[in-house]
Amino acid sequence: MKVEYPHKDIEKKWQKYWSEIGLFHADISEDENKYYCLMMFPYPSASLHVGHGRNYIIGDAVARYKLMQGYNVLTPMGWDAFGLPAENAAIKGNVHPHVSTERNIATMKRQLGQWGVGYDWDKEVNSSRPEYYRWTQWIFLELFKKGLAYKKKASVNWCPSCNTVLANEQVADGACERCDTKVGQKELEQWFFKITDYTERLLKDIDKLEHWPDRVKIMQRNWIGRSEGVEIRFPLVGGDKELTCFTTRVDTIYGATYMVLAPEFPLLDELIKDVENKEEIKAFVQRIKSEGMVKRAQIDTEKEGIFSGRYVINPMTKREIPLWIANYVLMEYGTGAVMAVPTHDQRDFEFAKKYDLELRIVIDNPKFPLIAEDMEEAYVADGVMVNSVQFDGLGNREAMVKIAEYMESNNIGRRTVQYKLRDWLISRQRYWGAPIPIIYCDVCGIQPVSEKDLPVLLPEKVEFKPHGESPLKDVKSFVETKCPKCNKKAIREIDTMDTFVDSSWYYLRYPSSKDDKKAFDTDVVNKWLPVDQYIGGVEHAILHLLYSRFITKVLYDLKLVSFDEPFGRLFTQGMIVKDGAKMSKSKGNVVSPDGLIERYGADTVRLYTLFIGPPEKDAEWSDRGVEGAYRFLKRLYRLVMEVTAKGGDVSKKEDNADKDIMRMTQATIKKVTEDMERDFHFNTAISSVMELLNKLYLVLGDKDRKVSGAVKEAIRAAIILISPFVPHISEELWRVIGEKDSIFKTKWPSYDKSMLKTDTVTIVAQVNGKVRARFDVSIDATEDELKEIVLNDDGVKKWIEGKPLKKFVVVPNKIVNIVV
RNA sequence: GCGCGGGUGGCGGAAUUGGCAUACGCGCUAGCUUGAGGAGCUAGUUCCGCAAGGAUUGCGGGUUCAAAUCCCGCCCCGCGCACCA
C-alpha cells in the first residue's frame, strides 16, 4: 500500500484548528497551576532564518509539553520594535521606520504561524506603539522621581564622518562599524539610570537564580566586577593636598615607586600649574583624550606617559615618588590615580621599563629568588614579603590583612570595595525610540512630564539626516512646549531611550497588555510572575538580563511588584551556524525556512531543528539532515495509517514481542519525560521515539502478524511523546487512531515502573578489562552462580586458562571482570 | 592575559552515578523492489587485518579490577571580558 504524507493539508488544517479552539489562550484570572513560558521578544528584522527558528521552536515544544502536563500556560509574543536598523534603513532607503517595522512584523508573524509555533496573540505587545512606550516613559518617570534617573556629562563614541554618536557595539577595533573611520570621543550631556545603587543586590541575588545556567551567572558576576581592596592616601609634596588611590594589592605598597594619574584626572590642571613644561603636559593629555576610549582600552595599545613634575609620598616607605600621567589609567574605575608597583604588576612593569623607573622587589618567589635587573615580567604570584620592614617574612596574603589593619589604625588608608559596573547610559541621539519625557524650562530647570500627559508622542514627520543630534531637534511642534510647573515656554528633551529600556519590563506588560490605565496590573503580575521559563539567546546574558533584574528590583522597592527577580528558570539556546559561521546576509549563508517548509513541511523543519544537537550548544545546519527528519515523519505516518487499516486482534494473547514492545513503550515514556525535565534534551528524546518506531517496524515486518493491543498502545504513546516537537502530524494521527479531542488536551503519560523490569539481564564478562563474552542471566543471579557460569564459558576459558585467578569483580546486573 | 565551554567514526551527535565506546540520524556500500520518486525495503558501515586478533574518545602521564568520564601536564578550537590597579 502506498501512503503519501500530505503535510501541507495537515499543517494548514491544524493551525487553523488551534487558533479556533484558542489552544494558547491563557485565562489570566485563573492563576492555579500557572506556567509563564517566555521567549525573548525579537527585533522585527526583514525575515527569519532557521537559526532564529530554534528559539521559537524550543519555546513552543516546552509550552505544548506543559499544556499536556495540565498547566495553565501563558506563552505570549511581542516585538522589540524600536532600534537602529530601522532608522538606518530610513536614512538609506527613505522608508519610514514605522512602515518598515510594521511590515517586518507582518512577515515574521506569518513565518511564526507557518512554523506552527503558538502564542496567545491577544496579549501581543509592540514597544514602538504609543500604548506601550507610554509606559516605558512612565517607568522613566518613576526612576526620575526616585532619583535613579539623572543627567551628566559623559564621553561618548563619536564618528566624525557619519557625524553621529555610536554605541559601543557599533565600534569595531576603534573604528566606525559602517564607514571605518577612526572613532573619537565627545563630551555630551547624557541621561543615566543609577544601576550602581543596586550593585550589591544584583550581585548577591545571583545566588538566588538556582535555575540559571552557570555561565550566565558567571558573566553577570564578572560584569559587576566586585573587588575588595584598600584606598590609600598619598600626601602631595609641596602643599597640604593628598591623592587617594585604590589597590587590591596592598601587600605590594612598599614596592610602589611611582604614581600614575589618568589624563582625565580632574585636579590635573591645578597640580601642574607651576610646572615648567606644563604646556607639553597639556598637549600630551589632549592628544591621549582625543584618541578615544575604545583604542585606549585595548590591552595591546602601547603604554605612554609623561612626568607631571610633582611628587607624592609613599605613606609606608615615606619616600618621595614621582607622579606620572599615562594612557593606561582609567578615570572611570577606582579614583583615577594608581599606585604603581613595577615588580608586581605587569602594566606598571612595562611602563617602568620604558621610562626607566625604579624597580623594587617586595614579594619574593620562594622557589627562585627574584633579581630586579633580570626580571622580564612582573612577579604577580603569591610569595614572601621582603623589603617591607615589620612585614618581612610574612606570606603576602597574610600581609595584606596586616597592612590594611595597620593603615586603618594609622589613618593612612581604609578598606573598601570597587565595582566595574557603571551607571546605565540610556539616552540616544536617535529618532526611532521612546522620547525621554523631560522638559527644560529656563525658570524651573529640568522638569518631568506630568504622568497624565503621557505618552510624549514620537512625531511621524522628521528628516532622516544624521547630524549628531536626534532628528527630533528639527521638529518644532515637538520641541516647543510649555513648562509643566510654570506654564511658560519650554523645550522638550530630544533624545530617545535606549531600546534596552523597552525590553527591561515587557514581561510585566503581557498579562495585561491592553490596560490603558497602568503599565501593568500589580495583582495579576504578582500571581503570574516570576516567569517560570525564560528562553533566549546567550548574547543577552549580560545587558538585557541585568537591566531587567535592575528594573524589577526598583519596582519591588516601589512596592509595585512583590518579587525582586523576574525570571525563575533561564534557558539559553545555542546558535545555529552554516558553514561554520553565524547566518547573515552579508556572508550569504542564510537558510530560509520558507522553501523547506514548502517542500517538507513545518514538522520536518521543527524535528530537524530539535534533533540537530543539544539545544544549549551551537549546531551546524545541514540540508541533508532535514531529509532524515522528513523520512522519519513519513515512516511514522505510514505506520499509523497501515496499522489502522489493518485492524487488530486485541484479544490475542501477548507473546514475547508484545512484551518487548510494552516494556520499550514504558522505557520510552520514561526517557522522553526525563529528557524534557533534564534541560530540554530534545535530541535524545527524539532518538528514543525513533528507536521505538524502529522496533515496531521490525515486529510488524511479519506480514501475517495481527496488530496487538501492545502495538496500539505503543503507537499511541509514540504520537503523544513526539507531539510537542511535531504538533501537526501528531494532531492528525491522533484523530486517525480514533481520538476526538486535541492531543494537547491529553494528559502527558506517566510510566509504570513495574513494567520496566525484565526477568533476565545481559551481563558482560571482561578478562583484564577487555570484553570477552556476554551472558543472559536471571536478574537475581547470585555472585556464586555468576562465577560458575562465567568461569565455565568457553569464550572466557580461552583467556584465563593456565593463569592464576587474581580477582573477580562483580557489578550486579552489569558486568563481571576477571583479573588473571 | 583572565574567565567559561568544547575536542568521540566520513559528518551531526549518544554514553545521565567510573562499568558493553560510537545509540539515533546523515552519508556511503551491496542487494531487493517499484506504479521511476527528492521513493521504499533488507543487510553492512570506528580503524588496521583474509582471519584470529589488535588498536581507538586532541596529545603525554597517573589513579583504578575497570577511565570519553577522576587527577597532573600540554596542544588546539569556540565564546565572553579585557590596561578594572
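Quantities reported herein were computed from a predicted structural model and do not represent experimental measurements.
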Take atom [atom1] in [N] and the same atom in [M], then report the distance between them in whole Å.
| N | M | atom1 | result |
| --- | --- | --- | --- |
| B/G62 | B/U17 | P | 28 Å |
| B/G19 | B/A82 | P | 41 Å |
| B/A55 | B/A66 | P | 15 Å |

- Hey, are the side chains of A/C245 and A/M339 touching, using non-hydrogen atoms and a 4.5 Å cut-off? yes
- Message: If you define the side chain from C-beta out and look only at heavy atoms, does anything of A/L696 sit under 4.5 Å from A/L639?
- Response: yes
Are [X] and [Y] ion-paired here, with the side-chain N under 4.0 Å from a carboxylate O?
| X | Y | answer |
| --- | --- | --- |
| A/E674 | A/K670 | yes |
| A/E228 | A/R226 | yes |
| A/E304 | A/K354 | no |
| A/D345 | A/R249 | no |

Scan [X] against the nucleic acid and name what it touches under 4.0 Å (heavy atoms): base, sugar-phosphate only, or nothing.
| X | result |
| --- | --- |
| A/R635 | sugar-phosphate |
| A/K582 | nothing |
| A/K420 | base |
| A/V771 | sugar-phosphate |
| A/S227 | sugar-phosphate |
| A/T684 | sugar-phosphate |
| A/R226 | nothing |
| A/R599 | base |
| A/V341 | nothing |
| A/K806 | nothing |
| A/G334 | nothing |
| A/D348 | nothing |

Compare the minimum distances between each of [options] and the side chain of [X], then state the nucleotide with the smallest one.
| X | options | result |
| --- | --- | --- |
| A/R631 | B/C81, B/G12, B/C26 | B/C26 |
| A/W223 | B/C81, B/A85, B/C4 | B/C81 |
| A/R678 | B/G3, B/U16, B/G12 | B/U16 |

Measure [atom1]/[X] against [atom2]/[N] and give the value in whole Å, please.
| X | N | atom1 | atom2 | result |
| --- | --- | --- | --- | --- |
| A/F265 | B/A85 | CZ | P | 18 Å |
| A/F611 | B/G13 | CZ | C1' | 8 Å |
| A/I576 | B/C79 | CD1 | C1' | 17 Å |
| A/L639 | B/C41 | CG | C1' | 14 Å |
| A/L545 | B/G80 | CG | P | 15 Å |
| A/E350 | B/A85 | CD | C1' | 14 Å |
| A/K217 | B/C81 | NZ | P | 20 Å |
| A/H681 | B/U16 | NE2 | C1' | 9 Å |

- Task: Flag the pair A/F611 / A/F682 as yes when their ring centroid distance falls below 6.0 Å, and as no otherwise.
- Result: no
- Message: With a 6.0 Å cut-off on the ring centroids, do A/W324 and A/Y355 count as close?
- Response: yes
- Task: Assign B/G9 to syn or anti; the rule is syn for a glycosidic angle within 90° of 0 and anti otherwise.
- Result: syn
- Message: Using heavy-atom distances to pick each residue's nearest nucleotide on RNA chain B, tell me which of A/V338 and A/A619 is more 5'.
- Response: A/A619
- Using heavy atoms to find the nearest nucleotide of RNA chain B for A/G625 and A/Y608 separately, return the residue whose nucleotide is more 5′. A/Y608
- RNA chain B contacts among residues 685-695 of chain A, heavy-atom distance under 4.0 Å: A/S687, A/M690, A/E691, A/N694
- Message: Using 0.5 Å steps for rounding, measure from the NZ atom of A/K770 to the CD1 atom of A/I818.
- Response: 14.5 Å
- Note on the structure: The correct list of stems in which RNA chain B takes part (3 or more consecutive Watson-Crick or G-U pairs, distances under 3.5 Å) is B:1-7 with B:75-81, B:10-12 with B:24-26, B:27-32 with B:40-45, B:46-48 with B:53-55, B:58-62 with B:70-74
- Using only heavy-atom distances, determine whether the side chains of A/E200 and A/Y419 contain a donor-acceptor pair under 3.5 Å. yes
- Output all residues satisfying salt bridge (charged side-chain N to carboxylate O under 4.0 Å, His left out) with A/R415, sequence neighbours left out; order by chain, then residue number. A/E408
- Geometric cation-pi criterion A/R360 and A/Y254, 6.0 Å radius, 45° cone: no
- Query: OP1 or OP2 of B/C41 sitting under 4.0 Å from any side-chain N/O of A/R638?
  - Reply: yes
- Query: Are A/K617 and B/G13 close enough that a side-chain N or O sits under 4.0 Å from OP1 or OP2?
  - Reply: no
Extract from the structure each pairing of a protein N or O with an N or O of nucleotides 65-72 of chain B at less than 3.5 Å, listing the distance.
residue: B/C65; atom: OP1; partner: A/K807; partner atom: NZ; Å: 3.0
residue: B/C65; atom: O2'; partner: A/N817; partner atom: ND2; Å: 2.9
residue: B/C65; atom: O2; partner: A/N817; partner atom: ND2; Å: 2.9

- Item | Contacts of A/H540 that satisfy ring-ring contact (aromatic ring centres under 6.0 Å, His included) - sequence neighbours left out | A/H544
- Message: The criterion is ring-ring contact (aromatic ring centres under 6.0 Å, His included); which residues satisfy it with A/W621, sequence neighbours excluded?
- Response: A/Y608
